[in-house]
Amino acid sequence: MSDQEIEYAALLKGRHRISTYFEWVCRIATISALLFLAVLLAGVTWQAWGWLDTQFLTGFDSRRPAKAGLLAGLWGTSWLIFFTAILTVPVGVGAAIYLEEYATDNRLTRLIKLNLSNLAGVPSIVYGMLGVTAFVRMFGMLSAADGWTIAIALGFGTLEIPLPLGRCLLAGSFTLSLLILPVVIIASQEALRAVPPSIRHASYALGATEWQTIRHQVLPAAVPGITTGIILALSRAMGETAPLIVVGAMSYVAFAPGNLDTPMGAVQDPQRVLDAPFDVFTSITIQITNWIEQPKEEFQNLAAAGSLVLLILLVVFNATAIVIRNRAQKKITW
Amino acid sequence: MNSSPTVVTANDNAQNEEPRVDVTSTDAAAATPEESGEASVRTSRPVVAESAITDASHAVKVRAKNVDFFYGTNQVLFDVSLDIPEKSVTALIGPSGCGKSTFLRTLNRMNDIIEGTRHTGDILLEGTDVYDPSIDVVLLRKRVGMVFQKSTPFPKSIFDNIAYGPKVAGLKNKAKLAEIVETSLQRAALWDEVKDRLNSSAMALSGGQQQRLCIARTLATDPDVILMDEPASALDPKSTARVEDLIFELKKNYTIVIVTHNMQQAARVSQQTAFFFQGVLVETGDTHSLFTNPTEKQTEDYITGRFG
Amino acid sequence: MSTASASDVPLSEATTSLQRSASFTRLKESGIRSLLFLCAALSILTTLGIIAVLFSNAIYDVSPRQVGRDGEVRPNEAFFQQVSVTEFVTETRWTPGYTEKHFGIMPLVCGTLMISGIAALIGLPIGLCSAIYLSEYAAPRTRAIVKPVLEILAGIPTVVYGYFALVFVTPYVLRPIFQDMLGFDVGVFNAASAGIVVGIMIIPMISSLSEDVLRSVPRSLREAAYALGSTRVDVSTRVVVPAALSGIIASFLLAISRAIGETMAVTIAAGQTAIVTADPLGSVATMTSYIVNVSKGDAVIGSIEEKSIYAVGLTLFLMTLVMNIISQFVLRRFREVYN
């Protein structure tokens, strides 16, 4: 071997060593990220241990930690997510259909698409500021001190809609809905894009109109993807706190929206269902925040128990999304 | 060789009626091993169909007049004029990218879906300009059906696939739908194979069955003209034979335009052949004479396998 | 060239008309189309709403006085109609709640940047190294498991991160190291704990996006580098990462923008002391935590304190918007190169 070759061989040995080090650095980084997750989940579970019981799940908040429960938050979050879903799904899917199936590539379409990706990056608290002005106060256009009320008599009760909405549950849902709308639209667009164009062409070739093609072919094929996107977006809404605080969620409420604290209550007194959207509200996340801020040590355990409940709900949500996606993948292979 | 009895009958009729002309020698040079294998599967079938293009009983169904076509600024068709006779099969042949598929897709305006396309010239269906602004493109496509290269069954049941066209056209009567599904499947020679599982998914059918399903689906909309874009190119030889038999049978009632890469196939199923090269319709004529005695040098080069 | 004779053969007679008719179907089609367009246009309306709300409360209100039904007149002037932009930008004190009011955004921006900086210090290297590991080293099966597990980090509600910072990071990580060993004073509320959890939070944003970008670097480029006698680290750091650099930068910008806008973890863990400071172990206030704290309190609607959150919100909105736009621009440039 020449000197040059010996030198190269020596160098190469060093280079291989660096290569191995580098691989380990990257591996450790990945492991440490996974470790953070494990520690976080373990820590929360540890703190919550012994506090997550039926009393916690069925009781309202209290000044005494041993008696405090999450019920108001559970009902509040359920209602919030329910209305958010109702508001978001048709609009979000509709917008995605327009953008993917109808829109031609013109300036307006490009503007809408650019705008969507920017909206997805707007901090959630800014949506809260939009919500408090647009929904809670309705831009001060109906700024009379006591406001108006629209009463609609239905067979089983009276729907009383306050104007402006005020710090009510529905205002919170509107706000969360605007917050997750870009996410839903973008996910739905991806699901629609995954439907092969050949299906559309085949449908057109059989004399179907645009809407018939979408309604009967494209949308059914895209439903699993869209559903997954919606569930993920709703679980994001479920974990949101800041916009709800700005919109005016109550940090301490000892009743469920509309006083509806059992599912049976809806049957016994339907009026409660009509009252719930316009009642004051709290959420799981708001209750957790409130407990964290309490000076008494035990409230920290309650916060952990609340967090654990929230995490379990999120796992259930996400698992549903994964099951839907896997089932669909098995059923349809293009 | 053919398992379906109806198809065999069709062949027998064809053999009785049409003079058999053997052009296998002409394109033997072009035949790949696979194609030769394909040919051997159906030695009992007519290799070239009748030459009926000059027959005055076949009126012109579709007339293309001086058609230019552009993708953006890229011109892909140059002054194409072609008459397509009714109740016969017209084959469009030529090397990849020669514009034959684009031409096919102008006939039912499937190119409209692609943004940035433009055309000049006229496509007349029974004398009506299909590009006229007053034309309802949905109606046009119902009358001019299309079968694609890759079979495109909808991820639904066999029944729903066939019933889709009539349903979107507004037919709601269940009994009538069932009747259409049955006759369409029978015409596509698929009925016997699927009649017991109409409610199972169309995605579970074999490739050849899927393609015949797509043809049946097109028949269910009761079209006059059926466009086929390489309908057998993704199929095995046996399925190809069945699809070809079907085309042969269908031409009794329908005007068929078929794009194919396979010259033997063009020779077997069509009465008229049009040869495209680089966006230009080089030569057109009845299939027999075009294959045995081409007038243009480019045509001869192509069918003898010197390029493409 | 065409040899088709288009003259003597008769055209077949038209059987049915192809003319379009003004049918119910057509009306329905265009109706649906318009409806769907409105859905898409709503996103534009949302943006306009955000801009209108921030503008009318922060910069200029067209109706500076509001009269209630009871005849009571309430002031409603926008923030910058009462406070000069110069003061907002140059003043170093932020004391809207005190009798002596000062409105300098600097302490809040400073707190935000400190926490984002700490988060970047944690999140960027770990995120990028994870991305490199997943893209260049991990077996496909490992990647299929690790990537979604990492993404769980992004799905955990931020209030849980805040709780984790306050109850675990400060007492069990920061105190033992910085207070017991090094002798610094670690506050109950401090910027470091908030920064650390925000850093963890943004790891999956960086690792997922960067991994996608790294993997879209064509294999031919890697093969070419190996064929020149490169080791794996050479290929990763000198070929793949530089080739994917714009995409990686885009993911960094998105992650930092997310850190700037992060609210609950910061509000819970960092406290609310609005001061210009370089001490990461002390309490700071950020733009987001200020907005939350005013919203929670009982600031009178129309008061300068209430209006101030919109000025802060506008600053926050503009900062994140600029970062998002830059990252999208960079990402699009990257995609143009490789797709």
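Chain letters run A, B, ... following the sequence lines, proteins first and then strands; every chain starts at 1.
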For this session: Show your working on side-chain hydrogen bond (donor to acceptor under 3.5 Å, both in side chains) between A:Thr133 and C:Tyr310 and close with a plain yes or no.
Result: CA-CA 11 Å; A:Thr133 313; C:Tyr310 292 95; 3.3 Å; yes
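Chain A forms more heavy-atom pairs under 4.5 Å with one residue of C:Pro157, C:Gly261, C:Pro125 than with any other, namely C:Pro157. When each of C:Leu153, C:Thr267, C:Ile203 is scored by its heavy-atom pairs under 4.5 Å with chain A, the top score falls to C:Leu153. With chain A as the partner, the residue from C:Ile200, C:Leu134, C:Val292 showing the most heavy-atom pairs under 4.5 Å is C:Ile200. Counting heavy-atom pairs closer than 4.5 Å to chain A, the top residue among C:Val294, C:Ile291, C:Leu254 is C:Ile291. Across C:Arg232, C:Arg33, C:Glu262, the residue that shares the most heavy-atom pairs under 4.5 angstrom with chain A is C:Arg33. The greatest number of non-hydrogen atom pairs below 4.5 Å with chain A, out of C:Val53, C:Leu42, C:Leu38, is found for C:Val53.
Chain C is approached within less than 4.5 Å, heavy atom to heavy atom, by A:Leu178, A:Leu181 from residues 177-186 of chain A, ordered by number.
If you measure heavy-atom distances from A:Ser235 to chain C, you find no contacts under 4.5 Å at all. For chain A, the nearby part of C:Thr237 is the side chain; its heavy atoms alone come within less than 4.5 Å. Residue contact with chain C, scored on non-hydrogen atoms closer than 4.5 Å, involves the side chain of A:Glu293 exclusively. Of the atoms belonging to A:Arg236, not a single heavy atom falls under 4.5 Å from chain C. Only the side chain of C:Thr263 comes within less than 4.5 Å of a heavy atom in chain A; its backbone stays farther off. Proximity to chain A (any heavy atom under 4.5 Å) is shown, for C:Ile50, by both the backbone and the side chain. Of the atoms belonging to A:Tyr21, not a single heavy atom falls under 4.5 Å from chain C. Heavy atoms of A:Ile31 lying under 4.5 Å from chain C are absent altogether. No part of A:Val93 comes within reach of chain C, as not one of its non-hydrogen atoms sits under 4.5 angstrom from that chain. The contact between C:Leu166 and chain A is made entirely by side chain atoms (from C-beta outward), counting heavy-atom distances below 4.5 Å. Both the backbone and the side chain of A:Leu37 come within contact range of chain C, judged by heavy atoms closer than 4.5 Å. Only the side chain of C:Ile268 comes within contact range of chain A, with at least one heavy atom under 4.5 Å from a heavy atom of that chain.
The local environment of CZ in C:Arg332 is sparse, with at most 12 non-hydrogen atoms from other residues, nucleotides or ligands closer than 6.0 Å.
The residues A:Arg215 and C:Glu29 are annotated as not salt-bridged, no charged nitrogen and carboxylate oxygen being separated by less than 4.0 angstrom.
Relative ring orientation between A:Trp46 and C:Phe168 is described as tilted, the plane-to-plane angle lying within the 30° to 60° band.
The closest donor-acceptor contact from the side chain of A:Asn118 to the backbone of C:Asn324 lies at 3.5 Å or more, if one exists at all. Side-chain atoms of C:Tyr133 never come within 3.5 Å of backbone atoms of A:Ile28 as a donor-acceptor pair (strictly under, hydrogens ignored). Without hydrogens or angle criteria, A:Glu23 side chain to C:Tyr137 main chain gives no donor-acceptor distance under 3.5 Å. The main-chain N or O of A:Ser19 is never found under 3.5 Å from a side-chain atom of C:Thr231 such that the two would form a donor-acceptor pair.
Here the closest heavy-atom approach between residue A:Gly94 and residue C:Cys39 is recorded as C-CB, 3.9 Å. Closest approach of C:Ile32 to A:Tyr102, counting heavy atoms only: CG2-OH, 4.1 Å.
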